[in-house]
Amino acid sequence: MLTINFKAGNTFRMDGTYQPGGTVQPLPAGIRAQLRDSADVLVAELTVTRADEQGGKYTLSFGSTDAWVPGRVLYGDVLFTDSTGAEESTVTFTVNVIKAITHD
């Protein structure tokens, strides 16, 4: 499982590559991603940017993370939906929210 240490207050950004079965494929019709806490409460509906359709590259982002509490662990995955409606999720990744040192 991938674990990301992320500082609260920063802009969340994570790049990914669609590679089902280990082979890079063009991006499917639908891509969604969310971050939730351990109680399954939605913390962030991530924005998906299709960076390179044929190369399978995408970026997940979320603007203001000022309300994210240091010490909290968030859980996420990416849900891909093909043109037939079939769905496939990535493995779960975790985001450890930590305190930013430099801030206002």
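The structure presented is a predicted model; accordingly, all values stated were derived computationally and were not measured.
By the criterion of side-chain heavy atoms lying less than 4.5 angstrom apart, applied directly or through intervening Ile, Leu, Val, Met, Phe, Trp or Tyr residues, I4 is grouped together with L60 in one hydrophobic cluster. With hydrophobic clusters built from ILVMFWY side chains whose heavy atoms lie under 4.5 angstrom apart, V48 shares a cluster with V95. A continuous path of ILVMFWY side-chain contacts below 4.5 Å connects F93 to I31, so both sit in one hydrophobic cluster. The cluster map of Ile, Leu, Val, Met, Phe, Trp and Tyr, joined by side-chain heavy atoms under 4.5 Å apart, puts V97 and L2 in the same cluster.
In this structure, E88 has no salt bridge (Lys or Arg N to Asp or Glu O under 4.0 Å) partners at least two apart in sequence or on a different chain. For D37, the salt bridge (Lys or Arg N to Asp or Glu O under 4.0 Å) criterion is met by R72, not counting sequence neighbours. Under the side-chain hydrogen bond (donor to acceptor under 3.5 Å, both in side chains) criterion, D77 pairs with no residue at all, not counting sequence neighbours.
L74 contributes atom CG, which lies 12.5 Å from atom OG1 of T92 (distance to the nearest 0.5 angstrom). Considering CZ of R13 and OG1 of T49, their distance stands at 8.0 Å, rounded to 0.5 Å. Atom CD of Q34 sits about 5.0 Å away from atom CG of L42, to the nearest 0.5 Å.
The minimum heavy-atom distance linking L27 with K57 is given by the pair CD1-O, 3.4 Å. Closest approach of T65 and K7 over heavy atoms only: OG1-O, 4.2 Å. Taking both residues in full, the closest heavy atoms of S89 and L79 are given as OG-CD1, 3.4 Å, listed atom of the first, atom of the second, then distance. In terms of heavy atoms, A8 sits closest to A100 at O-CB, 3.7 Å. Heavy atoms only, all atoms of each residue included: Q54 and P26 are closest at OE1-CG, 3.6 Å. Here the closest heavy-atom approach between residue D82 and residue A29 is recorded as C-CB, 4.2 Å.
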### Task
Test T94 against F6 for side chain to side chain contact (heavy atoms under 4.5 Å, CB included), laying out the working first.
CA-CA 10 Å; T94 59; F6 177 79; over 6 Å; no
### Task
Go through the steps to decide whether W68 and F12 satisfy the test side chain to side chain contact (heavy atoms under 4.5 Å, CB included), and finish with yes or no.
CA-CA 11 Å; W68 293 13; F12 182 84; 4.2 Å; yes
### Task
Run the numbers on F62 and V43 for side chain to side chain contact (heavy atoms under 4.5 Å, CB included), then give the verdict.
CA-CA 10 Å; F62 191 77; V43 173; over 6 Å; no
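Looking only at distances, no side-chain donor or acceptor of T59 sits under 3.5 Å from a matching main-chain atom of D15. Judged purely by atom type and a 3.5 angstrom limit, T90 uses its side chain to pair as donor or acceptor with the backbone of V78.
T47 and S61 share no side-chain donor-acceptor pair at under 3.5 Å.
Here the side chains of R36 and V41 are not in contact, with every heavy-atom distance at 4.5 Å or above. Counting heavy atoms from C-beta on, the side chains of E45 and R32 come closer than 4.5 Å.
Separation of the Y18 and Y58 ring centroids does not fall under the 6.0 Å cut-off.
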